[in-house]
Amino acid sequence: MRTDVILLRFGEIMLKGRNRARFENQIVQQIKRVLKPLAKAELHKESHGRMYVELNGESYEEAQQALSKVFGLLSISPAIKVAPELAALQEAALVEMNRYPEKPKTFKVSVRRVNKQFPHDTYEMHDLLGGHILQHVDGLKVDVKHPELELHVEIRNRDSFVYSKKVAGPGGFPLGSNGKAMLMLSGGIDSPVAGYLAMKRGLRIEAVHFHSYPYTSERAKQKVIDLTRVLADYAGSIHLHLVPFTEIQTKLKESCRDNLIITLMRRAMYRITEQLAEKRDALAIVTGESLGQVASQTLSNMNVIGRAAEIPVLRPLVTMDKLEIIPIAETIRTFPISILPYEDCCTLFVPKSPSTNPSLKVVERQEAWMEWLPEAIREAVEKTEIMLIKPEEKSEEDHLF
Ligand code: ATP
Ligand code: MG
């Protein structure tokens, strides 16, 4: 019997060492989650760590699309599963050779024989399969050095697999396998990309957004909810913390030097995010900062701002150009939301010439004068609203594209 399956491959780090069982658990959870809408698809595990999805009539394209959201998956292959018997393998080899519209002129067969009981050794199998294909497919030649198509045959104990295509997966680490961090999520282009890269590196994230209602609108808030929803596609759900920042921003504006307001605002944001991190058992802050991109992201500002938090601040985009960031935003589909015009809280308070080289001493002195600040920070943390954001349900129409 021939069965359509998808073979799954994982990064090396996942297959070795002490963390293997934990990594495997985490990735299995994610695979099962993304495959849920494909009700008949089933995840199987062979001995020796080979995992595959049995499609049972579900569409390969939809399954591939779903699996592209699972971090830790290195690559996948659409494959045919048959019993480890010569006749079945020969038949599957022909099916695979004729499966795709582009017809190769040259090919080679690569056999992996895990099942040592199988009556033919690897060399015999090359001949038995290669010969059978040459006999039944016209216009084909063997080329062992640069074949247009490489037919892979894996002979295992219970089943064997035949495939010829490899599709890259998203790579990275299984979600949550490296712990949890708080993502500072503005409505801009950069921070959603930073959140995606953090998740790809195995971090579960919770998003933190600072809003300055009524200076910022409901629509600006909706934009951040929508961005979180897109990111939630990779995680199942994401908590979004909405921090009321109006009071702190207004008071800072009244009481500090105009060119330092951004630096002081960011320090307050870091402090609030750090307190939220502690409450939520997260060990780091993730931001969308990129070195030198704007005045507040000079090394000098990063130094002064970064010192406001004691936990690590991770900046996945720190060395990237805007031209490298935008294609990622487009691929993960946050870009069209990010470029909607609704202002986030900072644009309203941007001074004419923000300092690019603030003095830590001056900044600390200014903060020391602001006796109200620690209490205002505590209050902002207390009044933070938490939402649980889930991915958008796929409607029938979505499936058309
Ligand atoms: P982005 O495109 O992510 O908005 P940016 O290039 O506009 O970034 P800044 O506005 O200087 O840069 O913000 C730097 C980082 O600070 C952001 O990437 C984000 O992580 C964080 N941040 C800025 N504003 C907010 C906000 N209102 N709420 C949460 N985090 C914010
Ligand atoms: Mg911004």
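On a predicted model such as this, the values are computed, not experimentally measured, just so you know. Position 1 is the first residue of the sequence, and the numbers go up from there.
When side chains are defined from C-beta on, Leu43 counts as touching Leu8, because their heavy atoms get closer than 4.5 Å. Side-chain contact between Phe161 and His152 is absent, with no heavy-atom pair separated by less than 4.5 Å. Side-chain contact between Leu240 and Ile238 is absent, with no heavy-atom pair separated by less than 4.5 Å. Counting heavy atoms from C-beta outward, Met269 and Val208 have side chains that stay 4.5 Å or more apart. Residues Pro78 and Gln64 fail the side-chain proximity criterion, which asks for heavy atoms closer than 4.5 Å. Between Arg266 and Val304, the closest side-chain pair of non-hydrogen atoms is not below 4.5 Å. Counting heavy atoms from C-beta outward, Glu364 and Arg267 have side chains that approach closer than 4.5 Å. Counting heavy atoms from C-beta on, the side chains of Val53 and His44 never come closer than 4.5 Å.
Between the side chain of Arg113 and the backbone N or O of His120 there is at least one donor-acceptor pair closer than 3.5 Å. Of the possible polar contacts, none joining the Gln30 side chain to the Val70 backbone as a donor-acceptor pair under 3.5 Å is found. Remark: side-chain polar atoms of Glu58 are paired, donor with acceptor, to backbone N or O of Ala39 under 3.5 angstrom. A donor-acceptor contact shorter than 3.5 Å is absent between the side chain of Glu367 and the backbone of Leu264. In this structure, Lys223 contributes its side chain and Gly187 its backbone to a donor-acceptor pair below 3.5 Å. Under the 3.5 Å distance criterion, the side-chain polar atoms of Asp4 are left unmatched by any main-chain donor or acceptor of Leu55. Side-chain N or O atoms of Thr106 include one that pairs as donor or acceptor with a backbone N or O of Glu148 at under 3.5 Å. The closest donor-acceptor contact from the side chain of Arg22 to the backbone of Asn25 lies at 3.5 Å or more, if one exists at all. Ser355 contributes no side-chain N or O that, together with a main-chain N or O of Leu260, makes up a donor-acceptor pair within less than 3.5 Å.
Counting heavy-atom neighbours within 6.0 Å of Lys390 NZ, excluding the residue itself, gives a total of 12 or less. The local environment of CG in Leu388 is crowded, with over 12 non-hydrogen atoms from other residues, nucleotides or ligands closer than 6.0 Å. The neighbour count for Lys361 NZ, taken as heavy atoms of other residues, nucleotides or ligands under 6.0 Å away, does not exceed 12. Few gaps surround NZ on Lys108; more than 12 heavy atoms of other groups in view lie less than 6.0 Å from it. Applying the 6.0 Å contact sphere to CZ of Arg201 captures no more than 12 heavy atoms from other residues, nucleotides or ligands.
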Show your reasoning for whether side chain to side chain donor-acceptor pair (under 3.5 Å) applies to Ser359 and Arg365.
-> CA-CA 10 Å; Ser359 146; Arg365 206 178 310 133; over 6 Å; no
Would you sort out whether Glu375 and Arg378 count as a salt bridge (Lys or Arg N to Asp or Glu O under 4.0 Å), showing the intermediate values?
-> CA-CA 5 Å; Glu375 183 51 34; Arg378 239 189 325 272; 2.7 Å; yes
Evaluate salt bridge (Lys or Arg N to Asp or Glu O under 4.0 Å) for Arg50 paired with Glu154, printing each intermediate quantity in order.
-> CA-CA 11 Å; Arg50 174 54 99 205; Glu154 265 183 37; 2.5 Å; yes
Take Lys180 and Glu206 through the test salt bridge (Lys or Arg N to Asp or Glu O under 4.0 Å) and record every step on the way to the result.
-> CA-CA 8 Å; Lys180 184 158 87 174; Glu206 297 201 6; 2.8 Å; yes
Candidate pair Arg229 and Glu392, rule salt bridge (Lys or Arg N to Asp or Glu O under 4.0 Å), full reasoning | CA-CA 7 Å; Arg229 204 181 297 292; Glu392 204 160 12; 5.8 Å; no
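Relative to the six-membered ring of Tyr100, Lys165 meets both conditions, a distance below 6.0 Å and an angle of at most 45° to the axis.
Nearest heavy-atom pair, Lys69 versus Val34, reported as atom, atom and distance to 0.1 Å: CB-CG1, 4.3 Å. Residue Ile311 comes nearest to Leu283 through the heavy atom pair CB-O, 3.8 Å, listed as atom of the first residue, atom of the second, then distance. Summarising the geometry of Leu94 relative to Ile133, their closest heavy-atom pair is CD2-CA, 3.9 Å, with the distance given to 0.1 Å. Residues Ile285 and Glu274 share a closest heavy-atom pair of CD1-N, 4.1 Å. Across all non-hydrogen atoms, the minimal contact from Thr319 to Glu324 is O-OE1, 4.1 Å. Nearest heavy-atom pair, Leu89 versus Ala83, reported as atom, atom and distance to 0.1 Å: CG-O, 4.4 Å.
Of the listed residues (Ile339, Ile337, Leu317), just one forms a side-chain contact (heavy atoms from CB on, under 4.5 Å) with Ile189, and that residue is Ile339.
Asn301 and Thr263 share a side-chain donor-acceptor pair at under 3.5 Å. Thr356 and Thr298 share no donor-acceptor pair across their side chains, judged by distance under 3.5 Å alone. Counted by atom type alone, Arg219 and Gln222 present zero donor-acceptor pairs between their side chains at under 3.5 Å. Looking at Ser177 and Gln26, their side chains never bring a donor and an acceptor atom within 3.5 Å of each other.
A salt bridge links Arg20 with Glu24: the closest approach of a Lys/Arg side-chain nitrogen to an acidic carboxylate oxygen falls below 4.0 angstrom. Salt-bridge check for Glu247 with Lys383: failed, with every basic side-chain N at 4.0 Å or more from each acidic carboxylate O.
Taking the six-membered ring where tryptophan is involved, the planes of His126 and Tyr123 are perpendicular, since the angle between them exceeds 60° and thus also 30°.
Side-chain rings of Tyr196 and Phe71 approach one another, their centers coming within less than 6.0 Å.
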